[in-house]
Undergrad: 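Structure provided below as structure tokens; questions to follow.
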Amino acid sequence: MNGPDLWRRGEERGPAGASTGRARIALLLRNAAAHAPEPAALTAAGLDVRFAPADIAALAETSPLFADADALVIEVDPAAPVELEAFDRLVHLAAGRLSVIAAVDALTVAHTRTLLKMGAVDVLPLPFTVDELQHAVEPARRPVRPVARVQAPARQGRIISMLGAIGGVGTTAIATQLGALWAGRARVCLIDFDIQFGNAALYLDIRPSLTLGHLIEDEARLDTELLQSVATRHASGLDVIASPTDMMPLDSLTTDFVGRTLRLASQAYDIVLVDLPRAWTEWTVRVVERSDIACLVSNLSVPAIHQSRRQLELIEANNLMDKLRIVANRVPTKLFGKVSFSETEAVLGRRIDLGIANDYPTVSAAIDQGRTLTEVSGGARVTKDMKALLELLVAVPVVEGALLP
């Protein structure tokens, strides 16, 4: 392909994307072979991509790119002033006609913020995957990028925190599957606040280039736009803010940071799921305080029930019991009737709100493949139980207009 003349209009093509219904993307990279997915993979994903050598300064207002493409993905070096100037000029030339997505090698939060403020619809790391490109192109095809630029003082979304009684009870599996399921009906973000052992991204088989750690490092400039730029989208539509790549001390997070993060997230999303570490700290208590619902996940083993009881005592001491819902995971299935929770509830002094069936093959297959339970086995008992949990949480009333300090 020579130069930026990637498509030419013809009677057989018609308006951009009209013949195939596919997103038409002009991709300008210095080394497309090393940094872009294979053309066959892009085509299979419904993306009509045309490649050309990257020359950001040579793009002109009259280029066919502006007329025929849905989006332009172009490599830019934020450390080179001449390229930033050319990118800024390009964004203004494309305004109203073409959405521009930046692609950056060794992407950082600072780079992301700079390019977003210059008008980029999104910023991709180099190399990028098909899923990352699809995520970027989705808002690129809409007239306005869905970023909450207008300050909204009132709460818009509900916050649900996920607590594990002990390790290994399946809290993260429930949080990720619940988020993926809920994303089919609302804007949902999952924040993995387990900054030492978080696995939410791994459970969804996504490899984020930016994580919660980047938000912590750039806390002074944290806003809704920056928060959304760090999120990675799963195929289900769920946005995930992954835990840091490297372990961080629990005191790396402060009550001010988590409060601000939750406030911004609740303004940008309908549902904010928070996967918490098992340790109780001042900031984890603050997260539960800021939540509309707190789900305590346990199984029916003696150690788990014992630790659940201890968790309940702490929750009650902080006057948070009204937010609590108890979920029993990996409940043995019976051929006839339901498993009785009466003995367990007697020990807890609190009723169990819902049980999720023990189905190791289905759940492990979903985790290994980064897929939803519905995709793996829509008729499985565990899938039906997860949907029942969703309906239980949807039914919990939320006080409208509550403010997050």
Side-chain angles (χ1 to χ4, degrees), residues 29 35 56 71-92 94-95 98-129 132-133 135-140 142 144-152 187 189-193 195 201 206-233 239-246 248 252-254 256-269 272:
L29 304 177
H35 288 152
I56 190 171
L72 169 65
V73 180
I74 185 163
E75 183 173 354
V76 58
D77 180 3
V82 64
E83 292 200 15
L84 279 182
E85 181 181 353
F87 184 81
D88 183 63
R89 186 168 61 253
L90 173 62
V91 169
H92 284 84
L98 175 74
S99 294
V100 180
I101 300 166
V104 179
D105 194 15
L107 181 63
T108 68
V109 169
H111 294 157
T112 301
R113 185 180 181 88
T114 297
L115 292 164
L116 288 175
K117 284 190 173 296
M118 294 176 72
V121 168
D122 207 337
V123 184
L124 291 172
L126 289 175
F128 54 82
T129 65
E132 287 171 331
L133 182 58
H135 183 196
V137 170
E138 178 186 352
R142 295 195 288 266
V144 180
R145 191 163 65 91
V147 174
R149 294 182 179 274
V150 179
Q151 291 187 354
R187 298 171 301 164
C189 180
L190 170 61
I191 305 177
D192 192 346
F193 270 129
I195 59 176
I206 56 180
R207 301 291 185 271
S209 57
L210 300 174
T211 70
L212 183 67
H214 293 92
L215 292 183
I216 297 171
E217 293 171 1
D218 211 20
E219 179 180 356
R221 296 187 292 180
L222 178 60
D223 57 15
T224 307
E225 185 176 26
L226 183 61
L227 182 138
Q228 288 184 297
S229 73
V230 170
T232 302
R233 180 156 296 182
D239 277 2
V240 180
I241 298 179
S243 63
T245 304
D246 299 321
M248 301 181 70
S252 298
L253 294 178
T254 65
D256 288 343
F257 174 82
V258 298
R260 187 178 177 190
T261 300
L262 293 178
R263 173 169 50 81
L264 294 171
S266 69
Q267 291 173 5
Y269 296 94
V272 181

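Position 1 is the first residue of the sequence; numbering continues from there.
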Undergrad: Just jot down the side-chain hydrogen bond (donor to acceptor under 3.5 Å, both in side chains) partners of H111, sequence neighbours excluded, or say none.
TA: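 Result, side-chain hydrogen bond (donor to acceptor under 3.5 Å, both in side chains) vs H111: T108.
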Undergrad: Considering all heavy atoms of both residues, which atom of L126 and which atom of A103 are nearest to each other, and what is their separation?
TA: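 In terms of heavy atoms, the two residues are closest at CD2-CB, 3.8 Å.
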Undergrad: Rounded to the nearest 0.5 Å, what separation is found between the CG atom of L226 and the NZ atom of K117?
TA: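 Those atoms lie 9.0 Å apart.
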Undergrad: With sequence neighbours left out, write down each residue that passes side-chain hydrogen bond (donor to acceptor under 3.5 Å, both in side chains) with D239, or none if nothing qualifies.
TA: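 D239 satisfies side-chain hydrogen bond (donor to acceptor under 3.5 Å, both in side chains) with R233, Y269 only.
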Undergrad: Does D88 have any side chain to side chain contact (heavy atoms under 4.5 Å, CB included) partners at least two apart in sequence or in another chain, and if so, which?
TA: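 Partners of D88 under the side chain to side chain contact (heavy atoms under 4.5 Å, CB included) test: H92, M118.
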Undergrad: Pair C189, V240 - check side chain to side chain contact (heavy atoms under 4.5 Å, CB included), show working.
TA: CA-CA 6 Å; C189 180; V240 180; over 6 Å; no
Undergrad: Could you list the residues that satisfy side chain to side chain contact (heavy atoms under 4.5 Å, CB included) with T261, not counting sequence neighbours?
TA: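 Once residues adjacent in sequence are excluded, the partners of T261 under the side chain to side chain contact (heavy atoms under 4.5 Å, CB included) criterion are I191, F193, L222, L227, F257.
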Undergrad: List the steps and the verdict of side chain to side chain contact (heavy atoms under 4.5 Å, CB included) for L72 and I101.
TA: CA-CA 6 Å; L72 169 65; I101 300 166; over 6 Å; no
Undergrad: If you take all heavy atoms of A242 and D192, which pair is closest and at what distance?
TA: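 The pair with the smallest heavy-atom distance is C-CB, 4.2 Å.
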Undergrad: Which of these passes side-chain contact (heavy atoms from CB on, under 4.5 Å) with L210: V230, I241, T232?
TA: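 Option passing the side-chain contact (heavy atoms from CB on, under 4.5 Å) with L210: V230.
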Undergrad: Give the minimum heavy-atom separation between L116 and S229, together with the two atoms involved.
TA: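 Closest approach of L116 to S229: CD1-CB, 3.4 Å.
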Undergrad: By side chain to side chain contact (heavy atoms under 4.5 Å, CB included), which residues pair with P244, not counting sequence neighbours?
TA: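 P244 satisfies side chain to side chain contact (heavy atoms under 4.5 Å, CB included) with I195, T211, L212, M248 only.
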Undergrad: Working to the nearest 0.5 angstrom, can you tell me the gap between T112 OG1 and D122 CG?
TA: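 Those atoms lie 8.5 Å apart.
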Undergrad: Using every non-hydrogen atom in the two residues, find where A268 and Q228 come nearest and quote the distance to one decimal.
TA: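 Here A268 and Q228 meet closest at CB-NE2, 3.8 Å.
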Undergrad: Sequence neighbours left out, what passes salt bridge (Lys or Arg N to Asp or Glu O under 4.0 Å) with E132? Give chain and number order.
TA: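 Counting only residues at least two positions away or on another chain, E132 forms no salt bridge (Lys or Arg N to Asp or Glu O under 4.0 Å).
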Undergrad: Between V104 and P78, what is the shortest heavy-atom contact and its length?
TA: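 The pair with the smallest heavy-atom distance is CG1-CD, 3.7 Å.
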Undergrad: For L124 versus A136, what's the shortest heavy-atom pair and its separation?
TA: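 Where L124 meets A136 most closely, the heavy atoms are CD2-CB, 4.0 Å.
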Undergrad: Any side-chain heavy atom of L215 sitting closer than 4.5 Å to one from V109?
TA: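 A side-chain contact under 4.5 Å is absent here.
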Undergrad: Supply the atom-to-atom distance L264 CG to T224 OG1, rounded to the nearest 0.5 angstrom.
TA: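 Separation between the atoms: 4.5 Å.
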Undergrad: Check step by step if side chain to side chain contact (heavy atoms under 4.5 Å, CB included) holds for V123 and L107.
TA: CA-CA 9 Å; V123 184; L107 181 63; 3.5 Å; yes
Undergrad: Which salt bridge (charged side-chain N to carboxylate O under 4.0 Å, His left out) pairs, counting each pair once, include a residue from residues 209-224, with sequence neighbours left out?
TA: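 Output for this query lists R113-D223, D218-R221.
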Undergrad: Are any of the side-chain heavy atoms of V100 and V121 separated by less than 4.5 Å?
TA: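 Contact flag for V100/V121 side chains = no.
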Undergrad: So, taking the atom named CG in L84 and the one named CG in D77, what distance separates them when rounded to the nearest 0.5 Å?
TA: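 CG of D77 is found 7.5 Å from CG of L84.
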